[in-house]
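What follows is one structure encoded as structure tokens, with my remarks underneath.
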Amino acid sequence: MTAFYRLPYGVRRDQLARASHLTVAQLALLAQHRQATDEDLIENYLTTYGLPEGVAVNLRVNGRDVVVPMVTEEPSVIAAASNGGRLLTGDTGITTTITRRELMGQIVFSHVQDPQRLQVWLASHEQELLQVADAAHPTLLTHGGGARSLRVRILPPDWVSLDLFIDVGEAMGANLVNTLTEAVAAKIKASLDVDILMSILSNYATHSLVTASCAVPVDQLKTKTIAGAGVAQRIAEASDYAQVDPYRAVTHNKGIMNGIDAVVLAMGNDWRAVESGVHAYASRNGSYQGLSRWWVSAGILHGELTIPLALGFVGGATKVLPLVKINQQLAQVDNARDLMGITAAVGLAQNVAALRALVTDGIQRGHMSLQRKSLALSVGATPTELPAVTQRLAQFKQPTTAQATAALRAVRQANLKK
Ligand code: MEV
């Protein structure tokens, strides 16, 4: 029998349609979203699954006002990022720092009889191994990148990891790191009788840390009913609490990642890599903790967020997804470091917006109008019907799908009479 992936597109689709009882309308939807340019991007391509893209505004990062493209299905995310940006706008707004941007490849040795001896050998061959790495991808050197250093870690009972730190220039760099790491592993194998289990990039990007920080007068945080000093104090308490309770820390960090993932997606980067690295970093002290810290001193609310964020400006999906180029242009970024900074800044803004809402009015109040909209859309309201449907839904505290369907029916009947 022919392997599924070898079948022509139409045959594959028809087999799926039969097995899943897809209707004519459903098939038409799949066809409507089918894009020839995506067909060779993944295996067993069926259609292109789109997500909404919008832009966050009001963000000032390192003294520059930026518009940040974000791709997300969650209604409140972009509104919260823009709101957070507004809350944190000062002279420079959010400032970001990146001390280095290196990716790590690791070569894992197993059943090592004398780990210390292997460690000494690897350390004494550092320069030679770095040269082997560079030779595996000479164009990297012409772009200012290259293998920078080695580190050896001995792990019980008899593992050794050789960590290779590589400056990948502006690239996303996963393939590049894998190529260099495999070349170094081959060189070691040719010189030593060792058991190498694997050679692969590590997504725990501890050598690509970015810090976003801000300092804003507490007055800027005030709500209609609560003075800024009180709000800032409660934001600081919420941040302290996320340090001690993993149940809260996960949600605290999820809010930060609402913003970060949306930017990473818009910029064609690997959000799974970012997610796994960030959550590992949140656990670096032995328990899972909030990634950001907020504190008040002398009438100023300070915030800081440090995360591993090895984003690339070129390569990978940035090349094949045409919207990425436009998104880079919208954000006016032309290098990986600026992209990392802006992304971390969105995380910090997203976090302050969530915390401020949580410790004052509660999250639902701000979410309600967006939820009414998505409820109306989910029952089939068109963009022109949306305002009238959401207006009808405003009378309900927690509108249901049935109420949204009834509201849409009423709007349509009223429109017929016009
Ligand atoms: C919802 O998507 C995100 C929040 O839960 C984040 C938080 O609780 O900090 C509002």
Side-chain angles (χ1 to χ4, degrees), residues 51-56 58-59 68-88 94 212-214 216 220-221 223 226 230-266 271-272 274-276 278-279 281-283 287-296 301-307 309 343-375 377-378 397-398:
L51 285 173
E53 173 177 329
V55 293
N58 306 331
L59 280 136
V68 189
M70 299 174 75
V71 172
T72 180
E73 88 300 346
E74 189 171 327
S76 56
V77 166
I78 297 180
S82 300
N83 182 27
R86 186 182 51 78
L87 294 171
L88 302 183
I94 302 169
S213 32
C214 64
V216 289
Q220 222 153 287
L221 282 311
T223 68
I226 314 177
V231 178
Q233 197 50 50
R234 289 173 69 79
I235 289 174
E237 274 176 43
S239 134
D240 290 346
Y241 186 69
Q243 294 300 303
V244 298
D245 178 3
Y247 281 88
R248 173 56 205 155
V250 168
T251 321
H252 179 101
N253 293 345
K254 189 272 183 185
I256 293 171
M257 299 313 288
N258 271 345
I260 291 182
D261 282 344
V263 183
V264 172
L265 258 173
W271 50 271
R272 286 88 53 213
V274 171
E275 278 280 339
S276 40
V278 163
H279 294 298
Y281 192 71
S283 309
S287 67
Y288 190 93
Q289 294 177 305
L291 288 157
S292 64
R293 296 304 300 263
W294 295 92
W295 67 99
V296 180
L301 175 72
H302 298 265
E304 193 172 282
L305 168 70
T306 298
I307 46 169
L309 196 60
T343 309
V346 169
L348 192 67
Q350 201 81 42
N351 186 224
V352 80
L355 295 185
R356 179 172 174 266
L358 286 168
V359 300
T360 57
D361 295 338
I363 207 74
Q364 286 308 86
R365 191 173 169 168
H367 280 186
M368 227 41 234
S369 73
L370 291 161
Q371 277 171 2
R372 274 185 223 112
K373 263 197 211 168
S374 60
L375 187 60
L377 287 171
S378 76
K397 209 160 175 253
Q398 295 285 348

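Counting convention: from 1, in listed order, for ligands and their atoms alike. Computed from a predicted model, the values in this text were never measured in an experiment.
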For [atom], what's the nearest protein heavy-atom neighbour? Residue, atom name and distance, please.
{"atom": "atom 7 (C) of ligand 1", "value": "R248 NH2, 3.4 Å"}
{"atom": "atom 5 (O) of ligand 1", "value": "T251 CG2, 3.5 Å"}
{"atom": "atom 3 (C) of ligand 1", "value": "N258 ND2, 3.5 Å"}

Practice problem: Look up atom CG in N351 and atom CD1 in I256, then write down how far apart they are to the nearest 0.5 Å. | Solution: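 The CG atom of N351 sits 4.0 Å away from the CD1 atom of I256.
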
Please check if the side chain of [X] supplies one atom and the backbone of [Y] the other of a donor-acceptor pair under 3.5 Å.
{"X": "N253", "Y": "Q289", "result": "yes"}
{"X": "Q220", "Y": "L87", "result": "yes"}
{"X": "Q243", "Y": "G290", "result": "yes"}

Quiz item: Do L51 and L265 come close enough that some side-chain heavy atom pair is under 4.5 Å?
Solution: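 The answer is yes; the side chains approach within 4.5 Å.
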
Quiz item: Tell me, do V244 and D240 make a side-chain contact under 4.5 Å, heavy atoms counted?
Solution: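 Not touching, per the 4.5 Å side-chain cut-off.
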
Show me which atoms of ligand 1 lie under 4.0 Å from any heavy atom of [X].
{"X": "K254", "value": "1 (C), 2 (O)"}
{"X": "I363", "value": "10 (C)"}
{"X": "L358", "value": "7 (C), 8 (O), 9 (O)"}

Quiz item: Short N/O distance, under 3.5 Å, between H252 and ligand 1?
Solution: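 The answer is no, given that H252 and ligand 1 share no N or O pair closer than 3.5 Å.
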
Practice problem: Please indicate whether any nitrogen or oxygen in E74 is less than 3.5 Å from any nitrogen or oxygen in ligand 1. | Solution: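 Checking ligand 1 against E74, an N or O pair does fall under 3.5 Å apart.
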
